[in-house]
Amino acid sequence: MRDSFSSSGLRFMKMHGLGNDFVVIDLRGGVAAPGEALVRALADRHFGVGFDQLVLIEAAEDADARMVFYNADGSLSSACGNATRCVARHLMDETGADTVTLETGRGLLRCVDAGGGLVRVNMGAPLLEWDAVPLAGPMDTLHLPIEGDPVATGMGNPHCTFFVDDAEAVDLALFGAAHEAHPLYPERTNVEVVQVLSRTEIRVRVWERGAGITLASGSCSCAAAVAAARRGLTERRVLVRLDGGTLDIDWREDGVHMTGPSAHVFSGTLTPAFLEAL
């Protein structure tokens, strides 16, 4: 079925958080949501626009806006921390407010202007029970029965965190692909490779389910920080060094707070010809 906007083009924004990049489409004006075929076409970095995730902004009754996330393979995701910061900054610039609340599959997320171009998002409490992650059956989420002894964490999406001596030495393309669809994760999983640098700093490399290797990930950074703290390897507040830059992750009593930058690179319009060709 063709999308109803195909005759007039479709406006979008290209944004990124530390190189974790997004196409953002604002549906609050009544534009129809894109179908799965368009999501996959847009994700193609040669024939489309290219992104790690697609973000839809929708109107919400109990929040400033609602966000829906799609991975590059067209699958849905309930959480995307970097995209949440980007959309929060966009809405703050749009309204002049220094605080916004965004509705996601993760729940209501409070976002605050942290100064210096940074945005802080409370990503909510981590999900630490096996059925909340979710995993395939009852087990200790702090020590999964997988080679490498990873930790399972839910941040609205599932995570599998491995601690290694040298994060750079891991062939992430092979390692991430091998573990994303592990049978212990019925909804597939994000994979983090973590090297502890100190009690307050970790190096993290990311494989995102449905997207592959990404330069950064907010939810993966939160999961890695929580896993490190649960193992007693770090404090509850750490700097997370990603391929694309650094995030400040602070696991507090009321949730995991993520602070970092965002960038609105450009705005554009998908042509009617591109949309019709789908």
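Each residue takes its place number in the sequence, starting with 1. Because only heavy atoms are used, hydrogens play no part in the values below, and waters and symmetry mates are left out as well, while side chains stay in.
- For the residue pair Gln53/Glu208, the side-chain donor-acceptor check at 3.5 Å is satisfied.
- Applying the salt bridge (charged side-chain N to carboxylate O under 4.0 Å, His left out) test between Glu235 and each of Arg230, Arg252, Arg199 identifies Arg199 as the sole match.
- Partners of Phe22 under the ring pair (Phe, Tyr, Trp, His ring centres under 6.0 Å) rule, at least two apart in sequence or in another chain, do not exist in this structure.
- Chaining together hydrophobic side chains whose heavy atoms lie under 4.5 Å apart leaves Leu239 on its own.
- Contact between Val206 and Leu172 at its shortest, heavy atoms only, is O-CD2, 3.4 Å.
- Ring pair Phe175/Phe162: centre-to-centre distance below 6.0 Å.
- Under the 30°/60° scheme for interplanar angles, the aromatic rings of His182 and His179 are found to lie parallel.
- Sorted pairs that involve residues 121-137 and meet salt bridge (charged side-chain N to carboxylate O under 4.0 Å, His left out), not counting sequence neighbours, are lacking altogether.
- Evaluation of the salt bridge (charged side-chain N to carboxylate O under 4.0 Å, His left out) rule for Arg45 yields Asp21, Asp52 as partners, not counting sequence neighbours.
- Applying the side chain to side chain donor-acceptor pair (under 3.5 Å) test to residues at least two apart or on different chains, the pairs with a partner in residues 145-159 are His143-Asp149, Asp149-Arg231, Asn157-His159, Asn157-Ser219, His159-Glu192.
- Under the salt bridge (charged side-chain N to carboxylate O under 4.0 Å, His left out) criterion, Asp98 pairs with no residue at all, not counting sequence neighbours.
- A salt bridge is defined here as a Lys NZ or Arg NE, NH1 or NH2 lying under 4.0 Å from an Asp or Glu carboxylate O, and Asp248 with Arg237 meets this definition.
- Between Asp254 and Arg110 no salt bridge is recorded (no basic side-chain N to carboxylate O distance below 4.0 Å).
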